[in-house]
Structure formats: C-alpha cells, structure tokens
*Asks:* 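Have a look at this one.
Computed from a predicted model, the values in this text were never measured in an experiment. A, B, ... follow the sequence lines: proteins, then strands. Residue 1 opens every chain.
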Amino acid sequence: MKLATWNVNSLNVRLPRVLDWLAANAPDVVCLQETKLEDAKFPRSELEGAGYASAYSGQKTYNGVAILSRSGCVVSDVETGLAGFDDDQRRAIAATVDGVRVVCAYVPNGQSVDSDKYAYKLRWCEAATRALEAELARHPELAFCGDLNIAPEARDVHDPAAWEGQVLCSPPEREAFARWIALGLKDSFRLFDQPPKTYSWWDYRMLAFPKNHGLRIDHILVSEALAARCRGCTIDRNQRKGEKPSDHAPVVAEFAF
DNA sequence: ATGGCAATGTTTCATTGA
C-alpha cells in the first residue's frame, strides 16, 4: 500500500497537477488538505475518471480535507471533524481503507504565538489527541496524516535559531506533537535514513525553494502495527517545481501489503 | 533595504497562509 498526504493549496487550481501526480505515482490512498472547495464543487467525477473514489469535507476559501482511494479499495466508516470537538472549520476526515484507519488532518496554522488562532491551534491539537486515542483503541492499523503545521525538531527547520519559539516550532506545539508520539504513533519519515535538510513546505516568497529554506510540517504518523510494515517514507520535492506548484510537497509512505 | 508570493472573495484591496 502506498499512502500519501499533500496540502494542495486549492484543489481547484491544483487539480491538473494532482491528476498528473496520481497517474505517475499510483498511490492507493491520498490525504489532501486545503482543498478550499465546498462539497458541491468537489471534483468527484474528474477523480473517478482517474480511478479514485473521494471522501471529503470542505468549505469555501479556507481549509477543506479529502481522502482519495484507488478504485477497488474497500472504504468504510467515513467520519468528519474531531469527535467531541465542535468546530466550524473543515479540518479533519477519517476513513477505513482496506482495513487501515486513515485520519487526515489540516492542523490550524496558529498565525503567531500571541494570537487567538494559536490558542485555537493548541485546543485543536488536544482534541486531536483525544480523538486519536479513541481511534487507536478500535483500529490497531492507523495512520495520522496531514499538514500538521508543526516542525517537530530543529533538524526539520532550515534556520532553527531564527524559528526558535515561533509558531510551528514553539515548545507547546512540539509538546502536542510529542503527545501524538506518546500514543504509540511513529513519525514514518524518521523510521528511515533521510537526506539532511529535507522539508515539505517552502514559502512562495524570498526564493525560499531555490534556497531550500523550508520546514518539515507535513507528516505521516503510523501506529506500531503499521510501522512494522512500513518500507519507506519520502517527500516528493519535485512537486514544488514548475508551473503553479503548491507551497507544500507530497509525503509518501509505503507499506508491505 | 525587514519586502518579496499565491489564492480567495469581500475583487482592483484585504485577508490568510506558514
């Protein structure tokens, strides 16, 4: 099984690139974030034509998440939002695909550590912890994927000194990430030797991509049962190149089944 | 020199992202 996560920064704009990427990479499951589309406008039929079924929860302008699965996969128990957390923003969707529980999240950005949005981010992360705990109790094979908007360690940041204490890197955010790890989840990227300075997001400004001024904030966290079957995790930085790229690159994990 | 890009709707600017 090949599982991917990709913040596409508008599925409307990115659909041609997404379709090309699906054809070239043939993933089994793809978690999308920032679709920025109301459900009525989701390109379900275009994706069906490319061989993928869609589960989605979106809104206009902001947020929006989806789980694509290759035609023929058995999909069940689609749930939107975080259990027990009342939220106007469409940031979470889960589905069971061929027996693997896939939780797709677009964690709030937080804007800056002194903002209301940061407090909302921390509350959201805590609700995610509780929801994941309940999911793990029911589903031993679970993947928590998405734009988690947290760079967990200094090596996930191009300039750790400049980012120290800033949003995406602050201790409370990293503690939230550590609580997901404490549930038994593993960062699939770190299960393997990786090239240094590998990131998943680069600012559109300041020539950040050519200078590789990035952050690793998109993640595939896997339960212990899935980690045992994980055979690799890579970031497809080529998708940050060319015409109209998202500012995020896809993260791809492969499993031995 | 402290900006700079991209997408969206409130559209010819303001807001948000990270």
*Asks:* At under 4.0 Å between heavy atoms, how does the protein contact nucleotides 1-10 of chain B? Give one character per nucleotide, 5' to 3', with B, S or -.
*Replies:* ---BBSSSSB

*Asks:* So, using side chain to side chain donor-acceptor pair (under 3.5 Å) as the criterion, who are the partners of A:T96 when residues are at least two apart?
*Replies:* A:R101

*Asks:* Measure from CD on A:Q111 to P on B:dA18 and round the result to the nearest Å.
*Replies:* 11 Å

*Asks:* Could you label the plane-to-plane angle of the A:W201 and A:H248 rings as parallel, tilted or perpendicular, counting under 30° as parallel and over 60° as perpendicular?
*Replies:*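 Correct class here is tilted.
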
*Asks:* Using the ring pair (Phe, Tyr, Trp, His ring centres under 6.0 Å) rule, collect all pairs that involve residues 46-67 of chain A, keeping only residues at least two apart or in two chains.
*Replies:*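 For residues 46-67 of chain A: A:F42-A:Y56.
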
*Asks:* How is A:I217 classified with respect to the nucleic acid when contacts are heavy atoms under 4.0 Å: base, sugar-phosphate, or nothing?
*Replies:* sugar-phosphate

*Asks:* Does B:dA18 have OP1 or OP2 sitting under 4.0 Å from an N or O in the side chain of A:N7?
*Replies:*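 Checking A:N7 against B:dA18: at least one side-chain N or O falls below 4.0 Å of OP1 or OP2.
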
*Asks:* Expressed as a whole number of Å, how far does the P atom of B:dG17 sit from that of B:dT12?
*Replies:*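 Nearest-Å result for B:dG17 against B:dT12 at atom P: 22 Å.
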
*Asks:* Taking atom C1' in both B:dT2 and B:dT8, compute the distance separating them and give it to the nearest angstrom.
*Replies:*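 Comparing C1' positions in B:dT2 and B:dT8 gives a spacing of 26 Å.
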
*Asks:* In whole Å, I'd like the distance from the CD atom of A:Q89 to the C1' atom of B:dG17.
*Replies:*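 So the CD-C1' distance, A:Q89 to B:dG17, works out to 12 Å.
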
*Asks:* Please report the distance, rounded to the nearest Å, between CD in A:E34 and P in B:dG17.
*Replies:*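 A:E34 atom CD is separated from B:dG17 atom P by 8 Å.
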
*Asks:* Please give the distance between the P atoms of B:dG4 and B:dC13 as a whole number of Å.
*Replies:* 15 Å

*Asks:* Students often get this wrong, so: under 4.0 angstrom with heavy atoms, is A:Y106 touching a base, only sugar-phosphate, or nothing?
*Replies:* sugar-phosphate

*Asks:* Starting at CD1 of A:I150 and ending at P of B:dA18, how long is that distance when rounded to a whole Å?
*Replies:*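 Checked: the CD1 to P distance equals 12 Å.
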
*Asks:* Taking only the P atom of each, what is the distance from B:dA7 to B:dG3 in whole angstrom?
*Replies:*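 Rounded to whole Å, the distance is 23 Å.
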
*Asks:* Taking all heavy atoms of A:N149 and all of A:E173, pick out the closest pair and write down the distance.
*Replies:* O-OE2, 3.9 Å

*Asks:* Can you list everything that forms a side chain to side chain donor-acceptor pair (under 3.5 Å) with A:E254? Sequence neighbours excluded, please.
*Replies:*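 A:E254 satisfies side chain to side chain donor-acceptor pair (under 3.5 Å) with no residue once adjacent residues are dropped.
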
*Asks:* Scan residues 216-246 of chain A for pairs that pass ring pair (Phe, Tyr, Trp, His ring centres under 6.0 Å), counting only residues two or more places apart or in two chains.
*Replies:* A:F177-A:H219

*Asks:* Looking at A:R190 and A:D156, is there a salt bridge between them, counting it only when a charged N and a carboxylate O are closer than 4.0 Å?
*Replies:*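 Looking at A:D156 and A:R190, the cut-off is met.
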
*Asks:* Can you check the distance between B:dT16 and B:dT11, where both ends of the measurement are the P atom (answer in whole Å)?
*Replies:* 16 Å

*Asks:* Measure from OH on A:Y120 to C1' on B:dG17 and round the result to the nearest Å.
*Replies:*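 Distance, rounded to whole Å: 14 Å.
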
*Asks:* Excluding sequence neighbours, so at least two apart, what forms salt bridge (Lys or Arg N to Asp or Glu O under 4.0 Å) with A:D28?
*Replies:*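 Expected list: A:R70.
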
*Asks:* Which of residues 153-175 of chain A have a heavy atom under 4.0 Å from DNA chain B?
*Replies:*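 Contacting residues: A:L168.
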
*Asks:* Give me the distance, rounded to whole Å, that separates B:dA6 from B:dA1 when you measure between the P atoms they each carry.
*Replies:*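 Per the computed distance, 26 Å lies between those P atoms.
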
*Asks:* State whether A:K117 places a side-chain N or O below 4.0 Å from either non-bridging phosphate oxygen (OP1 or OP2) of B:dA18.
*Replies:*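 So the side-chain polar atoms of A:K117 never come under 4.0 Å of the phosphate oxygens OP1 or OP2 of B:dA18.
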
*Asks:* Among residues at least two apart in sequence or on other chains, which ones pass side chain to side chain contact (heavy atoms under 4.5 Å, CB included) with A:D20?
*Replies:*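 Scan of A:D20 (side chain to side chain contact (heavy atoms under 4.5 Å, CB included), adjacent residues dropped) gives none.
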
*Asks:* What is the distance, rounded to the nearest whole Å, between atom CD of A:Q59 and atom C1' of B:dT16?
*Replies:*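 After rounding, the reported distance stands at 13 Å.
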
*Asks:* Does A:H213 make a side-chain N or O approach to OP1 or OP2 of B:dA18 shorter than 4.0 Å?
*Replies:*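 It does not, given that no N or O in the side chain of A:H213 lies less than 4.0 Å from OP1 or OP2 of B:dA18.
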
*Asks:* In chain order, what residues pass the salt bridge (Lys or Arg N to Asp or Glu O under 4.0 Å) check against A:R174, with sequence neighbours excluded?
*Replies:* none

